[in-house]
2 protein chains.
Amino acid sequence: MTTLPKKEEITRRLATMRDVAALAGVSIKTVSRVVNQEPGVSPELVERVMNAVRLLDYHHNTTASNLRRADQRTSTIGLLLDDVSNPFSSALHRAIEEVAREHDTLLLASSSDQDAEREEKIALTLAARRIDGLIVVPTPRSQSGLHHIQSLGRPIVFVDRPAIFHDADSVIVDNRYSASQAVQHMARYGHRRIAFLGDNHAVWTAAERYLGYVDGMAVAGLQVDPQIVRQDLSNIDMAQAAAEELLASPIPPTAFFTGQNLVTIGALRALQHHHLQHRVALVGFDDFLLADLLAPAITVIAQDPAQLGKAAAELLFARIAGDTSLPRRIEVPTALIVRGSGEIPLL
Amino acid sequence: MTTLPKKEEITRRLATMRDVAALAGVSIKTVSRVVNQEPGVSPELVERVMNAVRLLDYHHNTTASNLRRADQRTSTIGLLLDDVSNPFSSALHRAIEEVAREHDTLLLASSSDQDAEREEKIALTLAARRIDGLIVVPTPRSQSGLHHIQSLGRPIVFVDRPAIFHDADSVIVDNRYSASQAVQHMARYGHRRIAFLGDNHAVWTAAERYLGYVDGMAVAGLQVDPQIVRQDLSNIDMAQAAAEELLASPIPPTAFFTGQNLVTIGALRALQHHHLQHRVALVGFDDFLLADLLAPAITVIAQDPAQLGKAAAELLFARIAGDTSLPRRIEVPTALIVRGSGEIPLL
DNA sequence: TTGAAAGCGGTACCAA
DNA sequence: TTGGTACCGCTTTCAA
């Protein structure tokens, strides 16, 4: 039994197990047992310890606890997204949080802004915090950065874009195939001059969707005209400007395939600006709130971020639990949601 | 090509400072100095240590480091939101993240779902992790839960809703005043029968907005008819159902004031369903993406979640740095954005 | 069932 | 400038 520290000392400091032990008149190990709900402590001592815990307002220190723990778990995983505030990312976040909660695990969430340097910096501090694992939407040129987590021996699961390590899992959708379907869909309504608007071509998803566009054109027996292909549109305004430019060109497109959420919205603004929303067809990649309330309602290729996140999280926790099976690549299906804008026929 | 880590690789110990010290032929304390970039180490030793760090792929352990550190800082703050995936919450999240980054601090973000019990559980695990502070959107009946953080001596900043502790800061908007402005705005266009649709009345913001509705009606010299006041609409479908019911009633409202994002969308669906969107006025609380592309475009009371988040984070970091001035209550202004739906006159 | 002592990976303090 | 040693708050090991 240790000596009782002076009262002022306890209130100045945070109460420790030692303090609880002293007050309860037991050893620090017994306190540890009670706090961790280990069996084999007499009910009487449990009672005494719990009273001391309440009296001193003792709060367990996970940080110290993990230090000596055998499994070295921190019950924390990292989450590296493009931008926590973007709807797709935050839907992923939420789905992952739900799975994490079942494993009593907290999330350290960060935005990489698709910047490999920023990604690396975050990965480094996550490694220093000894996270149990990482779920990441990798940046275009992410490479060494995520290595910090790997060399820790912690598992990584890639979402939305394929793994950049051979030994890591990934959860993605078939962007290329879905995009080709979107293009063929509009071709079926007679369109031959279908424009492509996409964001940063260095991003895997954007590149795949462009390839899908090319595929779809080929299947429909149509020629790709580079004049009506615009990539690297990284925000709504750029997308709008590009769309307006195409609409004002000598031989404007009669249909648009937009490769991402914000690009779709930019195209919409351009169409409305020219009062062409009921004459020019549009299919967008990614669903968005209110797409069904617009006039016309917007036909989209919808992903299921909740399912992507859930699958990724479950994969990660399986790895954390010791699953050493071969790396997996899970493909979550997409759906073409027909609402009107994609079914505007060629006049 | 690498394979998934083999068992012995997983159990392999990570390099520690001791290992680095041994390899570099210096004391562990010198390694600590180099790793923490403390001044007063000869360039030669710095070089030797850094080489050993690279060779052993040493990763600093923040967890262990914090344990002995004088300031007991973890460089981690907690963030407790309604739901990380809702646009308002995630915009807050992003703004807070930016400020946190300047302080080299990571965020443990969680969703409370406005459930006090869930809130308490999260607060407890955050306390056990010894976060440096907490930014919270409190649940309706949150009380004891957040106490866990307070008794740790860590600062708490409340956002969107007022502090439930007298000694904590808060960052909010004047919901009541803004709501009253919205109602008066429509009254100016001749409306006398203005309905109120709101979400969970137990949530402070919802209650305030209802009071503002009552205020606005009074200022406009109008009577509040309880028949056209519907609260506790907690999702889009409920809001739509309530709105449709009102529209189908014997004396339907000629204008709607909707107290929250999803409620606004529900009302919109109802109006479109009845083809009344160009005849019934609507002002919603909270702006949303695409509000300007709808027909008519939607007039809203816009909050600035980025500014709310930034203010809250700056306040928190000031407290963490030792600011002990009196608790503050910061009010961020709102703006009435006129777009069309709120200016539909009474026929 | 309970406790003493060693140790987890670092930092603080002080001496050399 | 460098290093030795106590120690942070807890878990582990092993003895009582």
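FYI, side chains are in, hydrogens and waters are out, and symmetry mates aren't considered; it's all heavy atoms of this structure. By convention in this document, chain letters (A, B, ...) are assigned in the order of the sequence lines, proteins followed by strands, and residues within each chain are numbered from 1.
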Under 4.0 Å between any heavy atoms, over every strand shown, what does [X] touch: base, sugar-phosphate, or nothing? Just pick one.
{"X": "N66(A)", "value": "nothing"}
{"X": "V41(A)", "value": "sugar-phosphate"}
{"X": "V26(B)", "value": "sugar-phosphate"}

Nucleotide of [options] approaching [X] most closely (side-chain heavy atoms):
{"X": "K29(B)", "options": "dG10(C), dT13(D), dG3(D)", "answer": "dG3(D)"}
{"X": "R69(B)", "options": "dT2(D), dG3(C), dT11(C)", "answer": "dT11(C)"}
{"X": "N36(B)", "options": "dG10(C), dT11(C), dC10(D)", "answer": "dT11(C)"}
{"X": "L45(B)", "options": "dG9(C), dT2(D), dC10(D)", "answer": "dT2(D)"}
{"X": "S42(A)", "options": "dT2(C), dG10(C), dT2(D)", "answer": "dT2(C)"}
{"X": "S27(A)", "options": "dG3(C), dG10(C), dT1(C)", "answer": "dG3(C)"}
{"X": "R18(A)", "options": "dC8(D), dC10(D), dG3(C)", "answer": "dC8(D)"}

Residue pair V171(A), I135(A): steps toward the side chain to side chain contact (heavy atoms under 4.5 Å, CB included) verdict: CA-CA 10 Å; V171(A) 180; I135(A) 294 180; over 6 Å; no

Is it true that [X] and [Y] make a salt bridge, defined as a side-chain N closer than 4.0 Å to a carboxylate O?
{"X": "R48(A)", "Y": "E44(A)", "result": "yes"}
{"X": "D113(A)", "Y": "R94(B)", "result": "yes"}
{"X": "D82(A)", "Y": "R161(A)", "result": "yes"}

Phosphate OP1/OP2 of dG10(C) contacted by H59(B) side-chain N/O (<4.0 Å):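 The answer is no; no side-chain N or O of H59(B) sits under 4.0 Å from OP1 or OP2.
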
S32(B) side-chain N/O to dG10(C) phosphate OP1/OP2 under 4.0 Å: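 Checking dG10(C) against S32(B), no side-chain N or O comes under 4.0 Å of OP1 or OP2.
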
Take the protein atom [atom1] of [X] and the nucleotide atom [atom2] of [N], then report the distance between them rounded to whole Å.
{"X": "M17(B)", "N": "dG3(D)", "atom1": "CE", "atom2": "C1'", "answer": "14 Å"}
{"X": "E38(B)", "N": "dT1(D)", "atom1": "CD", "atom2": "C1'", "answer": "13 Å"}
{"X": "Q72(B)", "N": "dA12(C)", "atom1": "CD", "atom2": "C1'", "answer": "12 Å"}
{"X": "L67(B)", "N": "dG10(C)", "atom1": "CG", "atom2": "P", "answer": "11 Å"}
{"X": "D19(B)", "N": "dG10(C)", "atom1": "CG", "atom2": "C1'", "answer": "13 Å"}
{"X": "I28(B)", "N": "dT1(D)", "atom1": "CD1", "atom2": "P", "answer": "21 Å"}
{"X": "E44(B)", "N": "dT2(D)", "atom1": "CD", "atom2": "C1'", "answer": "13 Å"}
{"X": "R130(B)", "N": "dG9(D)", "atom1": "CZ", "atom2": "C1'", "answer": "9 Å"}

Heavy-atom donor-acceptor pair, R33(B) side-chain to dG3(D) base, under 3.5 Å: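 Answer is yes: a donor-acceptor pair is held.
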
Modelled atom types, side-chain donor and acceptor of R54(B) and N51(B), under 3.5 Å: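 Their side chains do contain a donor-acceptor pair, which is all the 3.5 Å distance test asks for.
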
Of R68(B) and P43(B), the one whose closest DNA chain D nucleotide lies more 5':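 Mapping each residue to its closest nucleotide by heavy atoms, the 5'-most match is P43(B).
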
